[in-house]
Amino acid sequence: MAKTKQFTITIDNHPGAVAEIARTLGSAKVNILSLLGTSHGTGGMVQLLVDDARRAKKALDSARISYQETPAEQYELSNKPGSLAQCLDKLAAKGVNLTSIHATAAKGGKKAVIVYTAEAAAKAATATA
């Protein structure tokens with residue numbers, strides 16, 4: 001398990017909105033490690049993890065892109081049926097209420113990665129250790 005920072009950016013839902021964020025970070029040599037985007041009507045939200053939070057903040061601030069920075073946990077688990085449920089059961093048993101979660105695994109890969117934020121960050125830090 002690794003502690004990280006998740007950036008949440010509220011966007012207008014139009015072509016190129018996410019591309020602007022990617023271009024801003026790419027131009028600053030910030031690598032996006034994980035991204036989740038959703039839209040709701042005329043708006044949307046992008047949640048992302050980057051390889052250099054300090055540089056990302058500087059780039060987003062310079063581009064006047066508003067964001068919220070939240071502590072997050074990144075956890076690697078086996079890429080097999082039931083692994084996610086086991087991990088989430090441990091968090092629930094500790095009383096951890098997730099505020100966001102996304103996961104990914106490559107088809108045929110041995111490992112999956114989940115990223116989550118929680119109301120009780122301290123509980124989340126010890127739940128999967």
Side-chain angles (χ1 to χ4, degrees):
M1 177 175 52
K3 294 185 182 309
T4 188
K5 299 285 184 182
Q6 178 174 281
F7 290 88
T8 302
I9 302 169
T10 301
I11 60 172
D12 292 329
N13 185 9
H14 64 80
V18 179
E20 178 187 354
I21 295 165
R23 187 173 40 261
T24 296
L25 294 173
S27 295
K29 306 294 186 226
V30 175
N31 190 27
I32 298 171
L33 303 174
S34 174
L35 183 139
L36 170 68
T38 57
S39 66
H40 304 284
T42 61
M45 179 176 57
V46 174
Q47 296 174 320
L48 50 93
L49 302 180
V50 297
D51 67 342
D52 188 330
R54 181 191 57 77
R55 205 170 348 161
K57 289 192 289 189
K58 186 175 179 180
L60 293 170
D61 289 342
S62 292
R64 297 182 185 231
I65 297 173
S66 298
Y67 59 88
Q68 180 181 21
E69 186 180 6
T70 308
E73 299 290 334
Q74 183 174 333
Y75 188 68
E76 194 173 88
L77 50 104
S78 297
N79 185 13
K80 63 181 183 180
S83 293
L84 180 59
Q86 284 179 326
C87 177
L88 296 177
D89 284 344
K90 288 179 186 177
L91 293 172
K94 296 281 187 178
V96 176
N97 190 29
L98 300 179
T99 54
S100 71
I101 183 170
H102 57 278
T104 189
K107 185 175 181 179
K110 294 184 186 285
K111 297 290 181 180
V113 175
I114 65 168
V115 176
Y116 59 86
T117 60
E119 288 179 351
K123 288 182 181 180
T126 61
T128 56

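The only option from Leu25, Thr4, Leu33 that meets the side chain to side chain contact (heavy atoms under 4.5 Å, CB included) definition with Val50 turns out to be Leu25.
The hydrophobic cluster containing Leu48 also contains Leu60, counting ILVMFWY residues as joined when their side-chain heavy atoms lie under 4.5 angstrom apart, directly or transitively. Under a hydrophobic-cluster definition in which Ile, Leu, Val, Met, Phe, Trp and Tyr are linked whenever side-chain heavy atoms come within less than 4.5 Å, directly or via other members, Leu35 and Val113 are assigned to different clusters. If you chain together hydrophobic residues whose side chains sit under 4.5 Å apart, Ile32 and Val30 fall into the same group.
Considering only heavy atoms from C-beta on, His102 comes within 4.5 Å of Val115 through its side chain. With a 4.5 Å cut-off on side-chain heavy atoms, Gln86 and Leu77 do not count as touching. Thr70 has its side chain out of reach of Thr99: every pair of non-hydrogen atoms, C-beta onward, lies at least 4.5 Å apart. Taking the side chain as every heavy atom from C-beta outward, Lys3 and Glu73 approach each other to under 4.5 Å.
Put simply, CG on Asn79 and NZ on Lys111 are 9.5 Å apart, with the number rounded to the nearest 0.5 Å. To the nearest 0.5 Å, the span separating OG1 on Thr24 from CG on Asp61 amounts to 11.5 Å. To the nearest 0.5 Å, atoms CD (Gln47) and OG1 (Thr8) are separated by 4.5 Å. Interatomic distance, CD of Gln68 versus CD of Gln6, reported as 9.0 Å (0.5 Å rounding). In this structure, CG in Leu84 is found 12.0 Å from OG in Ser78, a value given to the nearest 0.5 Å. In this structure, CD1 in Ile11 is found 11.0 Å from OG1 in Thr42, a value given to the nearest 0.5 Å.
When all heavy atoms of Phe7 and Ala53 are compared, the pair lying nearest together is CZ-O, 3.8 Å. Here the closest heavy-atom approach between residue Thr117 and residue Ala72 is recorded as CG2-CB, 3.7 Å. Summarising the geometry of Arg55 relative to Lys29, their closest heavy-atom pair is NH1-O, 3.1 Å, with the distance given to 0.1 Å. Among all heavy-atom pairs drawn from Ile9 and Ser66, the shortest one is CG2-O, 3.5 Å. Contact record, Ala118 with Val96: CB-CG1, 3.5 Å, taken as the closest heavy-atom pair. What you find for Asn13 and Ser39 is that their closest heavy atoms are ND2-CB, 3.5 Å.
One N or O on the side chain of Asp51 and one on the backbone of Asn31 form a donor-acceptor pair closer than 3.5 Å.
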